[in-house]
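First the structure, in the form of structure tokens, and then the observations on it.
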Amino acid sequence: MPIYRYITIEPDGSEGEEFEVEQSITSEPLKFHPENNKPVKRIYDKLNINVEYTAGKEKSLSDISRIKKAGFTVLEKDKLTGNYYRK
């Protein structure tokens, strides 16, 4: 389940304690702090998208010729016997 960040709203309108809650995506956002019952608002962070490893990058990194060129031995499993042999 995702973890959402919230911050309490103090009586003077300033922001107070920040806390995290594990909630289902389908759950309604909290309106009050679960322990002290102060009003809260959800904090939205930037998305955490890792663009360093994409499907194309993964495919190129797992290319057999590149792996062999790096000095590794590539083995393949025989489906019938379960034994491995050099590819």
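Just so you know, these numbers use all the heavy atoms, side chains as well, and skip hydrogens, waters and symmetry mates.
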### Query
What is the distance from atom CD1 of I3 to atom CD of E22, rounded to the nearest 0.5 Å?
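I3 CD1 to E22 CD: 5.5 Å, rounded to 0.5 Å.
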
What's the shortest heavy-atom distance between [X] and [Y], and which atoms?
X	Y	result
K38	E10	NZ-OE1, 3.0 Å
I25	P2	CG1-CG, 3.4 Å
D78	L80	OD1-N, 2.8 Å
S62	I67	O-CD1, 3.7 Å

### Message
Can you tell me which residue among K31, E17, Q23, K41 is in a side-chain hydrogen bond (donor to acceptor under 3.5 Å, both in side chains) with Y6?
### Response
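So the option named by the test is Q23.
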
### Task
Apply side-chain contact (heavy atoms from CB on, under 4.5 Å) to the pair V21 and L30, showing each step before the final yes or no.
CA-CA 9 Å; V21 177; L30 295 180; 3.7 Å; yes

### Task
Measure the acute angle between the ring planes of F19 and H33, then classify it against the limits of 30° and 60° as parallel, tilted or perpendicular.
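F19 and H33: tilted rings.
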
### Task
Tell me, please, which residues at least two apart from N37 pass side chain to side chain donor-acceptor pair (under 3.5 Å).
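N37 satisfies side chain to side chain donor-acceptor pair (under 3.5 Å) with no residue once adjacent residues are dropped.
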
### Task
Quick one: list whatever passes side chain to side chain donor-acceptor pair (under 3.5 Å) with T26, sequence neighbours left out.
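Only S24 meet the side chain to side chain donor-acceptor pair (under 3.5 Å) criterion with T26.
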
### Task
Measure from the side-chain N and O atoms of T8 to the backbone N and O of V40, and report whether any donor-acceptor pair falls under 3.5 Å.
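Side chain of T8 to backbone of V40, a donor-acceptor pair under 3.5 Å: no, none is there.
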
### Query
Under 4.5 Å between any side-chain heavy atoms of Y4 and S27, yes or no?
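The answer is no, as the side chains (C-beta and beyond) never meet within the 4.5 Å cut-off.
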
Could you pull out all donor-acceptor pairs under 3.5 Å where a side-chain atom in residues 69-77 meets a protein atom, sequence neighbours excluded?
unit_1 : atom_1 : unit_2 : atom_2 : d
E76    : OE1    : K87    : NZ     : 3.2
E76    : OE2    : Y85    : OH     : 3.2

